[in-house]
Amino acid sequence: MNEKIIMLGTGSAMVTDCYNTCFLLKSENDCLLVDAGGGNGILSAIKKSGVAWNSIKTMFITHSHTDHILGAVWVIRQISALMNSGKYDGNFNIYCHDECVDSITAICNHTLAPKFLKNINTKIFINEVKDGEKQNAGSIRLTFFDIFSDKTKQFGFKAVFPSGKVLACLGDEPFNEKCRNFVQNCDYLMCEAFCLYSQKDIFKPYEKFHSTALDAGKLAESLFAKNLILYHTEDETLQTRKRTYTSEARTVFNGNIFVPDDFEVIDLK
C-alpha cells in the first residue's frame, strides 16, 4: 500500500525558519490536506511536495487560529482558479467545525473576487462536522472529535487507511482524557511538542497551552501507540531538533519516534 504522510510544515504559530504545521495524508489514489498554515506559503509548500493540486479533493481545518486557517483561503483561490480554467476535476470538500465554517466563509467573502467565489457551494463545499462524525476523504475513513480546547474550539481526527493502518491527530494542544476512545491503540499518533521539557523555562510551553517532547512521549505510551510523530514546535533549535526531541521522548516511550522536517515523507508501514 502506498500510504504516507507528507509534512508541508512542522512549526508553531510564530516560526520564521520553517512553515506552520500542515500536512498531506496520501493513500494510493486519494489525498487529504490537513490545515494550510498562515498564508500563501501553502502554495509553495504544495509545489515543493510534488503533489498535484488536482489530486487534493479534501481538506480538514482543525481550528481558526491564524497559523492553521489563513492558508485555506489561498487553497480555495488556487483550486477555484484551476476549476475556472478546466484544470481541476470534480468537487473540493472542506471539513471543519461550525466556527471554522464561519471564519473561512467570512475570509473568502471579504478577500476573494467574484470569479473565485462563484465556485463556493457549487463545486467547493465548506462542510460543518460535529464531534464524533464520520466522513470519507476518498478511501481514507475519518472520524472527527472535539479536543476540548481551553482556548479556541478545535477538532482532531482519526484516519483509517485502506490497509487498516490507523492514524490519530490530536491537534496542537495538550491531550484531554475525553478523547481517549478515539485515539488509543493507534498505529501513528500525531502530537504537538512545542519544545523540550528540559527547555520549558526558556520556551514557556505551558503558558501557551502546549506540551513538551517528554509529555508527548508519556502520552503515546499511555495510549499504547505504536509510532509517535512530533510536530508544531519552536524553530530556534531546528538543527538539533530531530535528535534532541527524539532522545527526550524515547526516555518514556518504547515505540518508534518521528520528528520530521518540512517536506519530510513518513511512509506508513
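Along the sequence shown, residues are numbered consecutively beginning with 1.
- Using a 4.5 Å cut-off between side-chain heavy atoms of Ile, Leu, Val, Met, Phe, Trp and Tyr, V166 falls into a hydrophobic cluster with V160.
- Annotation for R250 and G255: closest pair NH1-O, 4.2 Å, computed over non-hydrogen atoms.
- With sequence neighbours excluded, no residue forms a ring-ring contact (aromatic ring centres under 6.0 Å, His included) with F23.
- Nearest heavy atom pair, residue I5 against residue L167, reads CD1-CD1, 3.3 Å.
- The other members of the hydrophobic cluster of L223, by chain and number, are F145, I147, L170, F175, F182, V183, L189, L196, L219, L228, L230, Y245, F253, I257, V259 (side-chain heavy atoms under 4.5 Å, ILVMFWY only).
- G90 and M83 get closest at one heavy-atom pair: O-CE, 3.7 Å.
- Scored by the ring-ring contact (aromatic ring centres under 6.0 Å, His included) test, Y231 finds no partners at all (sequence neighbours excluded).
- Separating the CG atom in D102 from the SG atom in C96 is a distance of 9.0 Å, to the nearest 0.5 Å.
- Residue pairs meeting the salt bridge (charged side-chain N to carboxylate O under 4.0 Å, His left out) criterion with at least one partner in residues 114-138, sequence neighbours excluded, are E128-K130.
- For the residue pair H65/D172, the side-chain donor-acceptor check at 3.5 Å is not satisfied.
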Pair up each side-chain donor or acceptor in residues 41-50 with any protein partner under 3.5 Å, not counting sequence neighbours, and list the distances.
unit_1 : atom_1 : unit_2 : atom_2 : d
S49    : OG     : I46    : O      : 2.6
S49    : OG     : V51    : N      : 3.1

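- Partners of F116 under the ring-ring contact (aromatic ring centres under 6.0 Å, His included) rule, at least two apart in sequence or in another chain, do not exist in this structure.
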(message) With side chain to side chain contact (heavy atoms under 4.5 Å, CB included) as the criterion, how do H63 and S149 come out once you've worked through the C-alpha distance, each side chain's angles and the decisive distance to 0.1 Å?
(response) CA-CA 10 Å; H63 62 299; S149 169; over 6 Å; no

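- Contact of the L32 side chain with the L142 side chain is registered, since non-hydrogen atoms from C-beta on lie closer than 4.5 Å.
- A salt bridge is absent between D89 and K57; no separation between the charged side-chain nitrogens and carboxylate oxygens falls under 4.0 Å.
- By the side-chain contact (heavy atoms from CB on, under 4.5 Å) test, N20 is found to be paired with V15, D67, residues two or more places apart in sequence or in another chain being considered.
- Heavy-atom minimum distance, S64 versus T152: OG-CG2, 3.5 Å.
- A salt bridge (charged side-chain N to carboxylate O under 4.0 Å, His left out) check over residues 173-182, counting only residues at least two apart or in different chains, returns the pairs E177-R180.
- Aromatic rings of F155 and Y95 (six-membered ring for Trp) have centroids beyond the 6.0 Å cut-off, not under it.
- Within the structure, salt bridge (charged side-chain N to carboxylate O under 4.0 Å, His left out) contacts touching residues 201-230 (residues at least two apart or in different chains) are D187-K226.
- Residues W53 and V75 share a closest heavy-atom pair of CZ3-CG1, 3.9 Å.
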(message) Using the rule given for side chain to side chain donor-acceptor pair (under 3.5 Å), can you reason through N93 versus T58, listing the C-alpha separation, both sets of side-chain angles and the distance that settles it, and then say yes or no?
(response) CA-CA 5 Å; N93 278 289; T58 314; 5.8 Å; no

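- The ring-ring contact (aromatic ring centres under 6.0 Å, His included) search around F194 returns H210, not counting sequence neighbours.
- Residues passing the side chain to side chain donor-acceptor pair (under 3.5 Å) test with D235: none are found, sequence neighbours excluded.
- Using a distance-only test at 3.5 Å, with no hydrogens or angles considered, a donor-acceptor pair links the side chain of D35 to the main chain of T62.
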